[in-house]
Amino acid sequence: MKVLEGKSVYGGIAIGKISIFAKGDRQVKRTSIEDTAAEIKRFDEAKEKAKEQLKALYEKALHEVGEVNAMIFDVHQMMLDDLDYVESVTNIIETQHVNAEFAVATTGDNLSDVFASMEDAYMKERAADIKDISNRVIRILQDREADGLDSDEPVILVAEDLAPSETVQLDKSKVLSFVTRLGSTNSHTAILARTMNIPALIGVGYSEEMDGKMAVVDGFEGKILVEPDEDTLRQYEGRKEEEEKKKKLLQDLKGKETVTLDGRTIHLYANIGSVSDIASVLANDADGIGLFRSEFLYLESDTYPTEEEQFKAYRTVAETMAGKRVIIRTLDIGADKQVEYFDLGKEDNPAMGYRAIRICLDQPDIFKTQLRAIYRASHYGTISIMFPMIISVDEVKKIKEITEEVRKELEAQGIPYGEVELGIMIETPAAVMISDLLAKEVDFFSIGTNDLTQYTLAIDRQNPKLDPIYDPHHEALLRMLQMVVDHGHREGCWVGICGELGADTALTETFLRMGFDELSVSPSMVLKVRDVIRRMDLSDEEV
């Protein structure tokens, strides 16, 4: 038995065979061809088949991740018909008398190099797209299966890393667990694992020889056991069975109120990162959405999402939640969430740099486009907006001026919108210390405990060397949380938590005793937290 250590991004036990995610270019051989017309016909047929595959992927992605994120497959279809691309392939076949595979590979390499050398960030990104469509055509010409997951049974998927476009193509029913060498706790794969409610590890140094071997993923202790002995396997099968029983018991909590034994009700919401996550929100019976990370619309797009693209995503969420509250966080990029086409530049300390609301206030056209989309969508449901990385009252006043401009523009154009509450994220010590002043300006506070913890403790939460002293239960942090609740309630603001700490059941009772009105957690944690709350009795203290 071989035990590999990693970092858990979602707990649980998975038992099954390992499947190494196949990706990367394969070598293409050059072959002399006599009948170039026949070879060009082969290329044309492969190109058309590739477009059919991309169309199917577009439809699949449309349902799973929404229109904005599905557009990449539509773009790839158009690129296959690009005259420069097609003429290059056919010219190489005709003049060099070579096989179509070699002509496609050569064209892909040449055009990819051209795009990669361009200064424009958007054009640079086309280099990867050219490689992608060329590899797809080559696979068809060689009559090979697509790269990725190739299994008839559910497997533990092991990979270097997984891009959003790759996870879209996966048959989710065949994935027992994600294990990657790269990635972070906030990576797309990690968020997907939490949404799918399956164990996931990052930072695992695996080897290709593991492919096809039986293994156990322990998402609680952050390790994968390759070829476990019979006793170990039996122990983990028992633990897995217990976990399944607990999950089934939690299903009984669907449709029940999130209320303590003494009658205190709390709003239990869910955090989402894309439109596709709504299915998990509904399946886990959340009372609403406490954090819609709108930056995923930007992270998974090749250029700035249009007002219409954003409106459709926000409207879909609002309509699907059928009147339940949906809190949309405005664009929060920068730091560990870089978007090439924003061209933010390199920073020595990006976590404290040009990010989030600072970008929005500095580039109001981008900000107003998003706000218009959100306000338009508010006509179709109950939408609130919250703004990240606030450090001053002046920022909030400027935000309110811009939202007022947006409302007036929509009214002038005869475009309807609903009643929208405005709130801010409390995730800087500065916001905590002036929360009494900020509370006079907004309708609610939502505490982003992830950033607030790292800023308060002066610890980079992405640095594994500091894990031993990273303490989200630190007394300084808990005192800050109490201060925010007290200041917010004094001015009539409701106060919630949308950071990872909201799902820490060791602190749930503490949060309720502090007076929090709302907790927003990963969809898969909703029923677990509800179960803890419904067992509490706070009657020994006035609330």
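- Put simply, CG on Leu80 and CD1 on Ile133 are 4.5 Å apart, with the number rounded to the nearest 0.5 Å.
- The two residues Ala377 and Ala318 make their nearest non-hydrogen contact at O-CB, 4.1 Å.
- Under the 3.5 Å distance criterion, the side-chain polar atoms of Thr316 are matched with a main-chain donor or acceptor of Lys312.
- Taken from CD1 in Ile328 to CD1 in Ile383, the straight-line distance is 4.0 Å, to the nearest 0.5 Å.
- When side chains are defined from C-beta on, Ile13 counts as touching Phe220, because their heavy atoms get closer than 4.5 Å.
- Looking only at side-chain heavy atoms (C-beta outward), Thr107 and Tyr85 come within less than 4.5 Å of each other.
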Please determine whether side chain to side chain contact (heavy atoms under 4.5 Å, CB included) holds for the pair Tyr375 and Thr403, giving the CA-CA distance in whole Å, both sets of side-chain angles, and the decisive distance to 0.1 Å.
CA-CA 9 Å; Tyr375 269 99; Thr403 57; 3.8 Å; yes
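- Residues that satisfy the salt bridge (charged side-chain N to carboxylate O under 4.0 Å, His left out) test with Arg315, not counting sequence neighbours, are Glu319.
- Minimum heavy-atom separation, Ser8 to Gly11: OG-N, 4.0 Å.
- Within the 4.5 Å cutoff, the side chain of Val275 has heavy atoms near those of the Ile278 side chain.
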Go through it in stages, so that I can follow the logic: the residues are Tyr298 and Gln310, the test is side chain to side chain donor-acceptor pair (under 3.5 Å), and I'd like the CA-CA distance, side-chain angles, deciding distance and then a yes or no.
CA-CA 10 Å; Tyr298 298 79; Gln310 294 188 65; 3.2 Å; yes
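- Taking both residues in full, the closest heavy atoms of Ser446 and Cys498 are given as OG-SG, 3.3 Å, listed atom of the first, atom of the second, then distance.
- Of the possible polar contacts, none joining the Asp332 side chain to the Arg293 backbone as a donor-acceptor pair under 3.5 Å is found.
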Is there a side chain to side chain contact (heavy atoms under 4.5 Å, CB included) between Thr453 and Glu500? Walk through the geometry before answering.
CA-CA 11 Å; Thr453 302; Glu500 292 292 321; over 6 Å; no
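- Using modelled atom types, one finds a donor on one side chain and an acceptor on the other under 3.5 Å when comparing Asp451 with Gln454.
- The pair Glu5-Lys223 does not meet the salt-bridge criterion, since no charged nitrogen lies less than 4.0 angstrom from a carboxylate oxygen.
- Judged by distance alone, the side chain of Asn99 and the main-chain N or O of Lys29 form a donor-acceptor pair under 3.5 Å.
- Under the 3.5 Å distance criterion, the side-chain polar atoms of Ser177 are left unmatched by any main-chain donor or acceptor of Ile198.
- The side-chain tip of Arg372 does not point at the ring of Phe311 from less than 6.0 angstrom away and within 45° of straight on.
- The minimum heavy-atom distance between Lys47 and Asp81, with the atom names listed, is NZ-OD1, 3.1 Å.
- Residues Tyr417 and Val406 are not in side-chain contact: their nearest non-hydrogen atoms beyond the backbone lie 4.5 Å or more apart.
- Contact annotation: the side chain of Leu282 approaches that of Thr320 to within less than 4.5 Å [non-hydrogen atoms, C-beta and beyond].
- No side-chain donor-acceptor contact under 3.5 Å links Asp362 to the backbone of Arg358.
- Between Arg136 and Leu54 there is a side-chain heavy-atom pair separated by less than 4.5 Å.
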Could you go through the side chain to side chain contact (heavy atoms under 4.5 Å, CB included) check for Ile33 and Val98 one step at a time?
CA-CA 5 Å; Ile33 296 295; Val98 292; 5.6 Å; no
Taking it one step at a time, do Phe178 and Val217 satisfy side chain to side chain contact (heavy atoms under 4.5 Å, CB included)?
CA-CA 9 Å; Phe178 289 116; Val217 174; over 6 Å; no
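- The line from CD1 of Ile272 to CG of Asp277 is 6.0 Å long, rounded to the nearest 0.5 Å.
- Atom CG of Asp84 is separated from atom CG of Asn110 by 12.5 Å, given to the nearest 0.5 angstrom.
- No more than 12 heavy atoms of other residues, nucleotides or ligands sit less than 6.0 Å from atom NZ of Lys17.
- A donor-acceptor pair is defined here as one N or O able to donate and one able to accept, closer than 3.5 Å; such a pair exists between the side chain of Asn284 and the backbone of Ser280.
- Ion pairing between Arg329 and Glu295 holds under the 4.0 Å rule for side-chain N and carboxylate O.
- A heavy-atom distance below 4.5 Å is found between the side chains of Gln96 and Phe102.
- Contact detail for Leu176 and Ile15: the closest heavy-atom pair is CD1-O, 3.4 Å.
- By the 4.5 Å heavy-atom criterion applied to side chains, Glu45 and Lys49 are not counted as neighbours.
- Between Tyr314 and Phe292, the ring planes lie perpendicular to each other; the angle is over 60°, past the 30° to 60° tilted range.
- A salt bridge links Arg42 to Glu39: one of the charged nitrogens lies within less than 4.0 Å of a carboxylate oxygen.
- Atoms NZ and OG, from Lys213 and Ser207 in turn, are 7.0 Å apart once rounded to the nearest 0.5 Å.
- When atom types are taken as modelled, the side chain of Thr306 and the backbone of Glu309 share a donor-acceptor pair closer than 3.5 angstrom.
- Residue Glu34 qualifies as open at atom CD: its count of foreign heavy atoms under 6.0 Å is 12 or below.
- Using a cut-off of 4.0 Å between Lys/Arg side-chain N and Asp/Glu carboxylate O, Asp74 and Lys55 are scored as not salt-bridged.
- Of the inter-residue distances, the one linking Ile366 atom CD1 with Tyr304 atom OH reads 4.5 Å to the nearest 0.5 angstrom.
- Closest non-hydrogen pair, Ala46 versus Val137, comes out as CB-CG1, 4.0 Å.
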